[in-house]
Enquirer: 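Quick one: structure below, then a few questions.
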Amino acid sequence: MISFAGGISPSLKTEIYNPPAYWTFVPLRRAFQHRSECVMNRRSFAFRGIVASGVSVTGSSAVIQPAQGIERLPFKPEGYNFWTWRGHKIHYVVQGEGPPIVLIHGFGASVFHWRYNIPELAKKYKVYALDLLGFGWSDKALIEYDAMVWRDQVVDFMKEIVKQPAVLVGNSLGGFTALVSAAGLAEQVRGVVLLNSAGQFGDDNKLIDEPEETSFKKFILKPLKDFFQRIVLGVIFWQTKQPARIVSVLKSVYINSENVDDYLVESISRPAADPNAGEVYYRLMTRFMFNQSKYTLNSVLSELRCPLLLLWGDLDPWVGPAKANRIKEVYPNTTLVNLKAGHCPHDEVPELVNSALVDWLSTLQQPQPSVPLL
């Protein structure tokens, strides 16, 4: 889920959320290519009222009905649990007992975006949800952000907190983070679930020509560009952290906007009030979102060694169903479930997402006792 760019024009939104070259991936070391134990049982896989492998979920409940009668994670302004990672405070939630699941939010969101999923999934599984560095209740660290920062964070979270093989689940930016993390922990990730994931396909063999930086560019043009970018992005950030603007953006990506409520808005606006939030936003937009020419989905999928589930909101104005179909073509060990929802199906149609996820999880081979992650 992406929230902060609500003040940007639709064309620029497309560049940010579906950049043709910004979300690409360099192949990881061959050391990560060992075959994992993530295999699926041979028995058939069918959802209750949901058909897998690309057939859309039908029925008005997927579009019209809000989340009713579903337990919701209590909102805690002070947060839940904290873990220190590389000197930074990382917020996370843990509930339930059983095989572990790790939930990873999208751009601008937090653990509270999984409010309707955590309590339900915790009835059968041990559910973890963490705030990525720079987002939610985690520290707004003034660092150089890169996709590998969040990969390292999730990998270390698995090693230090989860400590056993788990399934990674991610929405939007969190989906791409789940993918690259799974490639980095091939033996310890039982499966990956993507909900309208970020990331783009690209040509891994295409060389990117870096123009020679002249003194004029380095000392005149670049400082001017940075100066004006900071002014423009500062204004945009101030506008888009306002509750009314957050509501407007959310309603543009939620087909059913009844779940766009005070809880959701506060879970986004409160972290945006952090003194460092504006600088983090600037760094994300200028040094991360617009400079991801080396990460491609084809590369990271080539490193994946476990079952993949796509829970895809087909009515997403940012990431349409064509991308899900392409992922399935590139990575055959994929189950695709199409949902009549927008960019955040887990919060818009949580009943369907929870049911589909639990049914798919039941098809995974149960983890064998293993040595704790090192």
Side-chain angles (χ1 to χ4, degrees), residues 35-59 61-62 67 69-71 73 93-104 114-129 158 162-171 174-175 178-179 181-182 185-197 304-313 324 327-328 331-341 345-370:
R35 178 77 178 176
S36 77
E37 296 179 357
C38 324
V39 295
M40 299 190 70
N41 292 341
R42 294 183 179 274
R43 67 182 179 83
S44 61
F45 173 48
F47 298 122
R48 294 185 297 272
I50 301 176
V51 182
S53 298
V55 181
S56 297
V57 174
T58 59
S61 63
I70 298 182
E71 185 180 353
L73 180 73
V93 172
V94 56
Q95 289 190 1
E97 294 296 334
I101 305 171
V102 179
L103 308 178
I104 309 170
W114 302 101
R115 54 185 173 164
Y116 293 118
N117 314 108
I118 294 173
E120 185 66 24
L121 296 174
K123 294 177 181 178
K124 293 185 177 181
Y125 300 92
K126 189 166 188 177
V127 182
Y128 296 87
M158 288 277 291
V162 182
K163 298 181 180 180
Q164 57 182 314
V167 172
L168 301 182
V169 182
N171 169 234
L179 278 177
S181 300
L185 279 174
E187 299 297 327
Q188 298 297 339
V189 176
R190 300 176 54 227
V192 175
V193 182
L194 305 182
L195 299 96
N196 295 65
S197 178
L304 198 62
R305 296 293 182 270
C306 61
L308 177 63
L309 171 64
L310 306 180
L311 299 175
W312 216 267
I327 292 173
K328 193 172 189 296
Y331 192 72
N333 193 10
T334 298
T335 300
L336 171 60
V337 178
N338 300 90
L339 301 167
K340 298 299 182 184
H346 59 293
D347 193 57
E348 188 177 342
V349 288
E351 305 98 323
L352 296 178
V353 167
N354 291 340
S355 177
L357 179 54
V358 168
D359 283 350
W360 181 80
L361 288 169
S362 71
T363 69
L364 297 181
Q365 180 176 319
Q366 292 302 310
Q368 300 299 317
S370 58

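Residue numbers run from 1 in the order of the sequence given. Note that the coordinates shown come from a computational prediction; the quantities given were computed from them, not determined experimentally. Keep in mind that the numbers below use all heavy atoms, side chains included, and drop hydrogens, waters and symmetry copies.
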Enquirer: Keeping Asn338 on the side-chain end and Ala324 on the backbone end, is there a donor-acceptor pair under 3.5 Å?
Expert: no
Enquirer: About how many Å separate CD of Glu71 and CG of Asn117, when rounded to the nearest 0.5 Å?
Expert: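 Rounded to the nearest 0.5 Å, the CG-CD separation comes to 12.0 Å.
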Enquirer: Please determine which of Leu121, Leu339, Val169 meets the side chain to side chain contact (heavy atoms under 4.5 Å, CB included) test together with Val353.
Expert: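 Only one option passes, and that is Leu339.
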Enquirer: About how many Å separate CG of Leu361 and CD1 of Ile101, when rounded to the nearest 0.5 Å?
Expert: 5.0 Å
Enquirer: Does a side-chain heavy-atom distance below 4.5 Å link Leu73 with Gln95?
Expert: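 Side-chain contact under 4.5 Å: yes.
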Enquirer: With a 4.5 Å limit on heavy-atom distance, are the side chains of Thr335 and Pro307 in contact?
Expert: no
Enquirer: Can you give me the closest heavy-atom contact between Trp312 and Ser197, atom names plus distance?
Expert: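 It is CH2-N, 3.2 Å.
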Enquirer: To check you understand the geometry: which heavy-atom pair defines the closest contact between Gly170 and Ala178, and what is its length?
Expert: N-CB, 4.4 Å
Enquirer: State which residues pass ring-ring contact (aromatic ring centres under 6.0 Å, His included) with Trp114; sequence neighbours excluded, sorted by chain then number.
Expert: His346
Enquirer: To the closest 0.5 Å, what do you measure between NZ (Lys340) and CD (Glu348)?
Expert: 12.5 Å
Enquirer: Answer yes or no: is there a donor N or O on one side and an acceptor on the other, between the side chain of Ser355 and the main chain of Leu352, under 3.5 Å?
Expert: no
Enquirer: At their closest point, which heavy atom of Ala182 faces which heavy atom of Val192, and how far apart are they?
Expert: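 Between these two residues, the closest heavy atoms are CB-CG2, 3.5 Å.
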Enquirer: Find out whether Tyr331 and Leu179 are in side-chain contact, i.e. whether some heavy atom of one side chain is under 4.5 Å from a heavy atom of the other.
Expert: no
Enquirer: On a heavy-atom basis, which atom in Met158 and which in Gln188 lie closest, and how many Å separate them?
Expert: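 For Met158 and Gln188, the tightest heavy-atom pair comes out as CE-O, 3.5 Å.
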Enquirer: Going by heavy atoms in the side chains, are Tyr128 and Val93 under 4.5 Å from each other?
Expert: no
Enquirer: Nearest heavy-atom pair of Pro345 and Leu195: which atoms, and what distance?
Expert: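 Shortest heavy-atom separation between Pro345 and Leu195 comes out as CG-CD2, 3.9 Å.
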Enquirer: In the structure I gave you, are the side-chain heavy atoms of Lys124 and Ser362 within less than 4.5 Å of one another anywhere?
Expert: no
Enquirer: Minimum heavy-atom separation for Gly313 to Asn196, with atom names?
Expert: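 Heavy atoms of Gly313 and Asn196 come nearest at N-OD1, 2.7 Å.
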Enquirer: Any side-chain heavy atom of Ile327 within less than 4.5 Å of one from Leu308?
Expert: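 In contact.
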